[in-house]
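Structure first, then comments.
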Amino acid sequence: MKKYYLLIYSVLSLGIGTTTAQFTDLLNFNGSNGNEPYGSLTLSGSVLYGMTYFGGANNAGCIFSVDTNGNGYKDLLDFKTTNGANPVGSLILSDSTLYGMTYEGGAYSSGCIFSIDTNGKEYTDIYDFPGSNGGANPRGSLTLSGNVLYGMTLNGGINGYGNIFSIVNNGSGYKDLYNFSNSNGTYPVGSLTLSGNTIYGMTEGEITNYGNIFSIDTNGIGYKDLLNFNSLNGASPYGSLTLSGNVLYGMAELGGGSDSGCVFSINTNGSGYKDLLDFNTTNGAYPYGSLTLSGNTLYGMTMVGGLHDSGSVFSIDTNGIGYKDLFDFKGSNGRTPIG
């Protein structure tokens with residue numbers, strides 16, 4: 001597993017049509033309060049919730065909350081292997097309950113699905129991944145529809161290349177919906193995007209070894225390979241897809257015109273693929289996350305590249321024009337954003 005050493009940060013007031021971002025460093029991790037966040041933050045009111053991969057009391061990661069002004073930091077839970085360890089994805093919120101997954105730990109040391117109240121109480125390990133038929137080592141986040149959670153694992157499953165699963169949010173009714181293989185995608189990284197009864201996702205590898213985009217019904221049937229990456233049109237997507245109407249937007253960490261990653265769009269039926277932007281180090285490189293959509297503007301980050309080669313925050317219109325480098329990290333204010 002790749003490891004990057006970074007600080008948490010927040011980019012506030014990213015005004016559409018501007019190239020100057022107001023940057024505020026809300027919190028610096030120091031190990032005891034968490035270390036190496038790999039996912040994104042979840043907002044509820046004026047409170048942000050997140051997780052770190054390492055750090056906390058047992059150096060197995062923690063769940064935390066912090067006010068949007070940077071005050072009121074709370075270590076809600078320290079993982080300790082038996083209750084999960086090393087979370088990679090993000091938290092999702094339903095009423096006053098947070099749901100998430102850990103990459104390792106749990107009963108079989110292959111990760112778990114958990115729930116916890118926003119006040120840090122009532123932590124429940126609702127499912128332990130067994131490694132084989134039930135999957136192992138999730139590297140993304142959960143998607144909630146009604147009372148059913150959907151997700152993917154990086155490893156395990158019948159073929160050892162990861163799986164798609166569903167589970168009721170009380171921990172009952174686990175279903176192994178689909179198992180990946182060399183011919184239909186391997187090692188899914190990221191989260192699933194839900195539209196009606198169809199879920200969309202990506203894998204980082206498959207028969208061409210560059211990854212693919214797929215769709216599948218929520219009952220586990222109707223799997224479709226929508227696009228196979230071939231390096232020129234992108235390679236190794238590590239984030240999730242963003243849906244608007246019948247168009248999916250995403251990023252590939254590698255590939256594209258300069259082999260530094262790209263921003264793309266594709267119709268939900270697999271047609272109309274467009275390479276909207278090729279990163280080239282100067283304008284950022286190696287995006288390791290997902291896009292956020294506001295109106296007709298997409299926002300994202302790159303892991304490296306930019307003015308100081310420490311990553312950047314950018315915006316681009318959904319038609320692929322109007323790229324703006326909004327902010328360049330430089331180490332002292334954070335570097336290598338993932339999420």
Side-chain angles (χ1 to χ4, degrees), residues 1-11 14 18-21 23 36-40 53 88 90 139-140 187 189-191 202-205 208-213 227-242 248-266 273-293 297-339:
M1 176 179 176
K2 297 180 181 178
K3 293 182 180 177
Y4 305 98
Y5 298 87
L6 59 143
L7 300 173
I8 193 172
Y9 53 82
S10 179
V11 179
L14 295 179
T18 68
T19 55
T20 301
F23 179 88
E36 296 190 42
Y38 280 93
S40 304
Y53 186 80
V88 178
S90 308
R139 284 284 304 277
Y187 308 123
V189 178
S191 309
M202 298 188 287
T203 70
E204 64 168 301
T208 61
N209 205 36
Y210 296 112
N212 75 333
I213 303 171
L227 179 89
N228 292 304
F229 290 104
N230 59 20
S231 187
L232 183 62
N233 66 355
S236 302
Y238 282 97
S240 307
L241 295 162
T242 299
L248 297 160
Y249 298 92
M251 297 188 290
E253 187 200 12
L254 303 175
S258 301
D259 198 26
S260 297
C262 64
V263 180
F264 64 84
S265 67
I266 186 172
Y273 179 88
K274 295 178 183 178
D275 183 344
L276 299 177
L277 177 83
D278 289 316
F279 293 106
N280 58 21
T281 303
T282 302
N283 65 353
Y286 311 137
Y288 198 102
S290 308
L291 295 162
T292 298
L293 178 65
T297 304
L298 296 160
Y299 296 92
M301 297 185 287
T302 66
M303 195 164 59
V304 296
L307 185 63
H308 309 289
D309 199 29
S310 295
S312 65
V313 183
F314 67 86
S315 68
I316 186 171
D317 295 342
T318 52
N319 58 9
I321 63 174
Y323 175 87
K324 295 176 183 177
D325 183 345
L326 299 174
F327 186 81
D328 293 296
F329 294 100
K330 58 183 179 180
S332 60
N333 62 2
R335 67 187 301 268
T336 323
I338 298 174

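Note that these values count all heavy atoms, side chains included, but never hydrogens, waters or copies made by symmetry.
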Considering all heavy atoms of both residues, which atom of [X] and which atom of [Y] are nearest to each other, and what is their separation?
| X | Y | answer |
| --- | --- | --- |
| C262 | F279 | N-CD1, 3.7 Å |
| M301 | M251 | O-CE, 4.1 Å |
| F329 | R335 | CB-CA, 4.1 Å |
| P237 | Y210 | CD-O, 3.8 Å |
| D278 | D275 | OD1-OD2, 2.7 Å |
| T281 | S260 | OG1-OG, 3.9 Å |

>> Please determine whether side chain to side chain contact (heavy atoms under 4.5 Å, CB included) holds for the pair F264 and L276, giving the CA-CA distance in whole Å, both sets of side-chain angles, and the decisive distance to 0.1 Å.
In response: CA-CA 5 Å; F264 64 84; L276 299 177; 5.6 Å; no
Between the side chain of [X] and the main-chain N/O of [Y], is any donor-acceptor distance below 3.5 Å?
| X | Y | result |
| --- | --- | --- |
| Y286 | A252 | no |
| D309 | G305 | yes |
| D317 | N319 | no |
| S40 | S90 | no |
| N233 | F229 | no |

Beyond-backbone contact of [X] with [Y], side-chain heavy atoms, under 4.5 angstrom:
| X | Y | answer |
| --- | --- | --- |
| Y299 | I316 | no |
| M303 | E253 | yes |
| D328 | F314 | no |
| L298 | T292 | no |
| L277 | N283 | yes |

> Any luck finding a side-chain donor-acceptor pair between S312 and T302 under 3.5 Å?
Replying inline: yes
> In terms of side-chain heavy atoms, does N212 have a donor or acceptor partner in T203 at a distance below 3.5 Å?
Replying inline: yes
>> The test is side chain to side chain contact (heavy atoms under 4.5 Å, CB included); show your working for M202 and L241 and say whether it passes.
In response: CA-CA 8 Å; M202 298 188 287; L241 295 162; 3.7 Å; yes
> After noting the C-alpha distance and the side-chain angles of V263 and Y249, does the key distance pass the side chain to side chain contact (heavy atoms under 4.5 Å, CB included) rule?
Replying inline: CA-CA 8 Å; V263 180; Y249 298 92; 5.9 Å; no
>> Return the OG to NZ distance between S310 and K330, rounded to the nearest 0.5 Å.
In response: 10.5 Å
>> Within this structure, what is the CG-CG distance for the pair N209 and N228, rounded to the nearest 0.5 Å?
In response: 11.5 Å
> Where do I213 and I266 land on the side chain to side chain contact (heavy atoms under 4.5 Å, CB included) test, with the steps shown first?
Replying inline: CA-CA 9 Å; I213 303 171; I266 186 172; 4.1 Å; yes
> Which word best sums up how the rings of Y238 and Y288 line up, parallel for under 30°, tilted for 30 to 60°, or perpendicular for over 60°?
Replying inline: parallel
